[in-house]
Structures are given as C-alpha cells and as structure tokens.
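Structure first, commentary second.
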Amino acid sequence: MTATSQPELHGIQKFGRALAFVFSLIIIAVIAFFVLDEANARFGVLAISVVIVAMTRPVAIYNRLGRAGWLVDIGLVAAFLYSAIWFFRVKQELYTGFYMATPENIAAGVLGLVSLVALSVRAWGWSLAIMAAVFVAFGFAGPNLPGILQHFGMEIGGFMQIAWYSFDGVFGRVTGLVADNVLIFLIFGAVLERTGAGESLIHISTALTARIRGGAAHAAIVASAVFGMMSGSVAANIAGTGVFTIPLIKRQGFSPNFAGAVETAASSGGQLTPPIMAAAVFVMADLVGMPFALVIVAAALPAVFKYIGLFAQVYAEAVRLDIKPLPKDQIPVLTSRDWLDSALIFLPIIALMGAFIMGKSPAMAGLIGVVTAIATGLVLNPKFRREPQRLLQALADGGVSAAQIMLAVGVIGIVLAVVNETGVAIRFATSIASAGEESLILALILAMFGALILGMGLPTLPAYLIIAIMIAPAIIKAGVLPLAAHMFVLYFAVYSSIVPPIAYGCYVAAPIAGGNPLQTSFVALRISVVGLLVPYVFVFSPSLLLVAGEFSWSELGFTICRLLAAIWMLASALGGADPRLGRLGAGQRAVRLVIGAAAMFPLPTIWVPAVVATLALGFLSRTQMRQTT
C-alpha cells in the first residue's frame with residue numbers, strides 16, 4: 001500500500017488551516033453584518049467544523065494506511081454532509097410535526113452521528129466518544145438495567161428523532177448558543193497570543209514578582225491565569241504557556257513535578273477567571289437566566305481567593321526549599337517600552353469589558369475585543385506589522401479551535417438527547433436531593449464526585465454542559481441557589497483536569513517539565529486545595545458571590561476573614577513551612593491543618609475559634625522570631 005508522502009499530508013493540512021481561516025472570517029462577518037436562520041447557522045457551523053477537523057487531523061497522521069486513509073476521511077465527511085442534506089429534506093416535516101422515522105431517515109441520522117463521534121476522537125481523544133457510547137448504551141439497555149438505573153428504554157426511531165432530527169440533540173439550543181456567542185472568544189485568544197501579548201505578560205510578571213521568593217512560579221501563575229481564561233481547553237493552555245513558564249520555574253530551584261503542577265493548577269484556574277472563564281460564562285448565564293455581567297461579578301471573589309491560595313502554596317514551597325528572591329543584578333528592569341507593550345494584553349480586555357458594560361451582546365463584545373487586539377498589535381508590535389502572516393495564523397488557529405469545540409458540543413448533544421429521552425437527569429437529581437434532605441454537605445460531596453468523574457478528560461465547555469444538565473439541578477433541588485449550584489459544578493468540571501487517575505492536564509505538563517504525570521497530579525491537587533474548597537464556601541455563604549440570593553456585608557466580611565485564615569494555615573501545613581518560622585515539624589503542620597479546615601466550616605462555633613487560633617499563631621510566630629533574632 002502506498003504511503004502518504006509528507007508534502008501531500010502537509011498540503012491537505014494547509015488546506016484545512018486555510019478553511020479554518022475562512023471559518024474565522026465567516027464568524028466575524030456574521031457577527032458584524034448578518035443575521036442567519038438558526039437552523040442553517042447550526043448546520044453550517046457543524047459541517048464546516050467536520051471538514052476542518054478531518055483535514056487538519058487526517059487519519060494518515062495516526063496510522064499506516066497511507067493514501068487509503070484519505071478514503072476514511074472522505075467517507076466520514078461525505079457521511080456527515082449527506083446526513084445534513086437529508087436533514088434539510090425533512091426539515092419542513094419537523095416544523096409541521098409530520099416527521100416519520102423511516103429507514104432512510106434513520107440510516108442518514110446514524111451516518112451523521114457516527115461520523116461526528118469518530119471525528120471528535122481526532123480533536124479530543126477518546127473521552128467524549130466513550131462517554132457518548134456509555135450514555136447511548138444506557139438508553140437502549142434501560143429495561144434490562146437493575147434497580148434505580150432501570151427505565152423504559154429507547155427505540156431507534158425515537159432516539160434518532162431527538163438526537164438528529166430535532167433541535168434538542170446535536171443541533172439543539174446549546175449548539176446554537178456556542179456557535180452564536182463562544183467561537184469569537186476562541187479567535188480572540190488566538191489573536192492575543194500572536195500579537196505578542198503572551199511574551200509581554202510573562203516578561204512583566206517576571207519582573208514584578210522577581211523580588212518575591214519563588215517569583216518565577218508566581219509569574220507563571222499570572223500569565224497562565226490570564227491566557228487560561230480565554231482558552232477553551234486546559235491542555236491547550238498548558239501547551240501554549242507551559243513551554244515558557246515551566247523552564248522558568250525549574251531554573252529557580254523547584255522540582256519538575258512542582259513546576260508542572262503549578263502550570264496545570266494555574267491554567268485550570270484560568271478557566272474560572274472572569275471576565276471570559278473559557279467562554280463558560282455565556283452558557284452559564286443562559287442556563288441560569290442572568291445577565292452575563294452579573295455572572296462575571298459573581299465569579300470574581302472566588303477566583304481571587306483561589307489564586308491567593310495558589311500563591312500562598314508556592315510561597316510556602318519556596319520557603320521550605322530555601323529559594324531566595326532573584327539577586328538585584330538578575331531582576332529584569334522594566335522600561336517604558338515594556339509598560340507600553342502591556343497594552344497588548346490590557347487594552348483588548350478593557351475594550352471587551354467596556355462593551356459588556358455598555359450592554360453589547362457577548363458576540364459583539366468579543367468582536368470588539370478581537371478588533372482592538374489586532375489594532376493594538378499593529379500599532380505597538382513592529383513584528384506583527386512586518387509579518388502579516390501572524391494575523392493569518394491567528395485567525396487560522398482560532399478557526400481550528402472553533403471547529404474542535406463545535407464537534408465536542410455536537411457530541412454532547414447526543415448525550416443530552418439520551419438524557420431527555422430517558423429522564424435520567426431527573427432521577428439523578430431526585431437521588432441527590434433526597435440525600436440533601438438528610439445532609440446538604442453529603443449532597444454536595446456526591447455532586448462533586450459526579451462532576452469530577454463526568455468531567456475527566458473533557459475540555460471545559462463540554463464538561464460544564466453535561467454536568468450542568470446532570471448535576472446542577474440536583475443540588476438546586478437540595479436547596480442550593482441556582483447561580484451557586486452552577487458555579488459549584490463548573491469548578492469541579494474544571495478541576496477534573498488535575499484529579500488522578502486521569503488528570504489529563506498533568507499529562508500535558510509533565511513531559512514539558514520532565515516530571516511524572518501521576519506525581520504531578522498529586523502535587524497539583526495539594527496546591528489547589530483552596531480552589532477545591534472555595535465552592536463549598538460560597539454555597540454556604542452566598543454573599544461571596546456578591547449577586548446570589550440576599551447579600552449581607554457582615555456575611556461577606558466574616559467569610560473573607562475565615563478564608564484568609566484558612567489559606568495561611570492550609571498553605572503552611574501542606575507546604576511544610578511558614579514565612580516567619582521556616583520549616584515546620586509534623587506536629588506544627590497537623591495543628592495548622594486542623595485550624596485551616598475548621599476555618600472553612602460555616603458554623604461560627606467552629607470558624608471563630610479557628611480564626612482566633614490563627615491570629616494567636618501569628619502573634620506567637622512574631623514573638624518567637626524576635627527572640628531568635
């Protein structure tokens with residue numbers, strides 16, 4: 001069998017990237033000038049996405065089929081396009097209610113679903129495909145399942161009607177929401193990266209944190225947080241920023257596993273950072289029924305404390321390893337040019353936020369951000385002006401990312417079709433809600449494990465979508481405010497990227513750092529402990545979200561006090577060092593761990609003594625340090 005030549009392979013991939021570039025232009029043009037029929041828009045976006053993924057990730061890359069591999073790709077694309085065309089043949093029947101599940105209709109739908117799932121494996125690996133297969137098998141096996149899992153089951157005609165021939169499955173509301181509001185932000189992130197904003201941010205962050213112990217790791221946290229909020233994938237953000245930040249962290253004296261863990265934790269945390277939150281904020285606002293601006297406000301303080309906890313863990317590790325700040329002669333000196341270059345990152349984000357405040361739609365705000373980023377890059381970065389291909393590459397990168405995320409959302413549509421057809425979400429919600437009648441904390445723990453399991457291996461947006469449908473209603477029924485419930489499941493959907501044994505973010509970071517993926521995941525879990533506990537805090541103290549339920553200044557003040565106490569105690573206990581005392585013994589660490597855990601409890605009889613104990617430890621530490629001196 002004739003092998004595929006490298007020039008031929010690269011030629012097809014280049015054509016795929018050229019189509020991705022056109023895809024980005026179409027997205028921008030539609031937002032700026034056109035209003036499309038919703039059904040046509042959803043089909044068009046998915047059809048283009050299928051072709052882009054097939055061309056940019058052809059089967060010839062993965063096996064030795066040679067030119068026969070192209071037949072596989074052509075077959076998958078043709079199958080999807082045939083199914084899409086068939087949909088339009090019966091579209092009028094769907095609107096009038098006269099649709100019939102004929103063998104031809106069923107066969108066309110099966111071809112579309114199979115091609116969609118097969119190509120999603122190219123973009124995201126096997127996690128999505130396996131999850132979709134498990135849900136479909138669950139749907140058809142319903143009458144034969146034991147106990148609570150048993151249901152009436154599905155038949156092929158009904159399943160195909162809801163999964164393919166309706167606006168509740170692959171081409172449902174979620175697909176339209178992502179196509180309308182989210183894709184422009186993937187283009188925004190790609191443009192920012194190509195304008196040089198990332199290099200500028202890392203340079204400035206390094207200079208500003210160089211005087212702090214562990215400064216390189218702190219700089220990496222800042223850079224990964226900013227770019228993580230614009231990336232739809234933890235893995236993609238780690239791969240993009242980690243090649244710069246991880247070597248910086250290692251050079252300062254941290255271990256490879258710790259360097260990889262910091263990058264993973266910061267990148268995953270970026271998906272929870274406003275104003276963009278990996279575009280999940282727009283889906284959340286739609287599902288909760290709140291304005292985008294309020295969801296952004298609600299996410300602000302939890303994100304702040306999540307990162308304070310991460311900074312504290314890094315600082316404690318630096319103290320334990322006796323890593324000093326950089327010598328004065330090695331600290332980068334920021335010039336006026338550096339501060340001017342900072343506009344590459346801040347001006348587009350300010351323009352984006354300004355558009356939100358003025359009441360613009362998310363898509364229009366994203367477009368304003370993209371235009372501002374391009375204009376800023378052209379004005380401030382001579383390289384960007386001299387090399388117009390950078391802009392072309394940015395739009396191509398954004399188009400590829402948009403195509404990949406649309407395939408993931410399409411597969412999630414299959415899962416949602418099963419959920420709607422079987423009613424499993426209602427049953428799951430009822431089970432967790434009944435546990436919540438006995439103990440809300442038990443319901444939250446069950447929801448947390450459910451979110452971690454369902455989110456493993458999935459990019460942020462698809463993970464949040466499936467968990468929001470399956471689990472958020474359950475804890476809302478158990479008594480949690482809707483916004484707090486959705487924010488709760490989003491946190492654990494994102495943190496599934498660092499939780500072993502899957503921990504797919506760590507499997508990306510570890511090879512860059514030269515570490516062990518599993519050990520990296522355990523370190524990432526340790527330094528992210530505050531981020532893992534913050535969701536429990538805002539469920540029981542919703543004033544931390546500022547706009548959820550009845551706001552109370554006193555509750556907010558007390559919550560901030562106990563969170564700060566918990567962060568200090570947990571960071572020093574888990575890191576094994578205190579800035580004033582240096583390394584801590586096992587007994588000291590155990591005491592601090594108990595105090596930190598107690599400070600997280602919402603009961604005043606528990607957290608008040610914990611805060612007092614934290615203050616007492618601080619005073620004793622100061623006294624002991626003076627005596628030692």
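Note that these values count all heavy atoms, side chains included, but never hydrogens, waters or copies made by symmetry.
- Summarising the geometry of Thr520 relative to Gly260, their closest heavy-atom pair is CG2-C, 3.7 Å, with the distance given to 0.1 Å.
- Counting only distance, with no hydrogens or angles, the side chain of Ser496 and the backbone of Ala493 share a donor-acceptor pair below 3.5 Å.
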Test Gln313 against Val530 for side-chain contact (heavy atoms from CB on, under 4.5 Å), laying out the working first.
CA-CA 10 Å; Gln313 290 276 4; Val530 172; 5.6 Å; no

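- Taking 4.5 Å as the limit, every side-chain heavy atom of Cys506 sits out of range of all side-chain heavy atoms of Gln519.
- Below 30°, between 30° and 60°, or above 60°: for Phe254 and Phe258 the angle between ring planes is below 30°, a parallel geometry.
- Aromatic rings of Phe492 and Phe488 (six-membered ring for Trp) have centroids within the 6.0 Å cut-off, being under it.
- Distance CG/Leu532 to CG/Leu525: 6.0 Å, rounded to 0.5 Å.
- Shown here for Leu533 and Met600, the closest heavy-atom pair between the two residues is CB-CE, 3.7 Å.
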Item to check | Step-by-step side-chain contact (heavy atoms from CB on, under 4.5 Å) determination, Val288 to Val295 | outcome: CA-CA 9 Å; Val288 178; Val295 178; 5.7 Å; no

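- Of the options Val523, Val314, Thr245, a side-chain contact (heavy atoms from CB on, under 4.5 Å) to Val262 is made by Val314 and by none of the others.
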Decide yes or no on side-chain contact (heavy atoms from CB on, under 4.5 Å) for Leu347 and Leu380, but give the supporting numbers first.
CA-CA 11 Å; Leu347 271 184; Leu380 296 181; 5.5 Å; no

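- In this model, a donor atom of one side chain and an acceptor atom of the other lie less than 3.5 Å apart for Tyr464 and His486.
- When every heavy atom of Ala598 is checked against every heavy atom of Ala610, the shortest pair comes out as CB-CB, 3.7 Å.
- Proximity of Leu294 to Leu483: side-chain heavy atoms (C-beta onward) are nowhere separated by under 4.5 Å.
- Between the side chain of Thr376 and the backbone N or O of Thr372, at least one donor-acceptor pair lies under 3.5 Å.
- The shortest non-hydrogen separation linking Lys306 to Gly269 is NZ-O, 3.0 Å.
- Phe551 contributes atom CZ, which lies 5.5 Å from atom OG of Ser543 (distance to the nearest 0.5 angstrom).
- For the atom pair Met284 CE and Met487 CE, the distance stands at 4.5 Å (nearest 0.5 Å).
- Other residues, nucleotides and ligands place no more than 12 heavy atoms under 6.0 Å from the CZ atom of Phe601.
- Panel note: side chain Gln271, backbone Val494; no donor-acceptor pair is recorded below 3.5 Å.
- Screening Val489, Ile471, Ile412 for a side-chain contact (heavy atoms from CB on, under 4.5 Å) with Ile466, the sole residue that qualifies is Ile412.
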Could you please spell out the steps behind the side-chain contact (heavy atoms from CB on, under 4.5 Å) verdict for Phe538 and Val534? CA-CA 6 Å; Phe538 61 62; Val534 159; 3.9 Å; yes

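- Across Ala266 and Ala220, no two heavy atoms sit closer than the pair CB-O, 4.4 Å.
- The closest side-chain heavy-atom distance from Val182 to Phe185 is not below 4.5 Å.
- Checking side-chain atoms of Thr209 against main-chain N and O of Ile212 turns up no donor-acceptor pair under 3.5 Å.
- Side-chain atoms of Tyr307 come within 3.5 Å of backbone N or O of Gly270 as a donor-acceptor pair.
- Side-chain atoms of Arg390 never come within 3.5 Å of backbone atoms of Thr195 as a donor-acceptor pair (strictly under, hydrogens ignored).
- Under the 3.5 Å distance criterion, the side-chain polar atoms of Ser268 are matched with a main-chain donor or acceptor of Ala265.
- Between the side chains of Glu263 and Ser267, at least one donor N or O sits under 3.5 Å from an acceptor N or O.
- A side-chain donor-acceptor contact under 3.5 Å links Ser552 to the backbone of Glu555.
- The two residues Ala318 and Gly214 come nearest to each other via the heavy atoms CB-N, 3.8 Å.
- A heavy-atom distance below 4.5 Å is not found between the side chains of Thr460 and Met277.
- Between the Arg213 side chain and the Tyr315 main chain, no donor and acceptor come within less than 3.5 Å of each other.
- Below 30°, between 30° and 60°, or above 60°: for Phe292 and Phe356 the angle between ring planes is between 30° and 60°, a tilted geometry.
- Side-chain contact between Ile527 and Leu310 is present, with at least one heavy-atom pair separated by less than 4.5 Å.
- Ser200 contributes no side-chain N or O that, together with a main-chain N or O of Ala197, makes up a donor-acceptor pair within less than 3.5 Å.
- The line from CG of Leu334 to CH2 of Trp339 is 5.5 Å long, rounded to the nearest 0.5 Å.
- In this structure, CZ on Arg592 lies 5.5 Å from CG on Leu617, to the nearest 0.5 angstrom.
- Atom CD1 of Ile204 is separated from atom CD1 of Ile345 by 10.0 Å, given to the nearest 0.5 angstrom.
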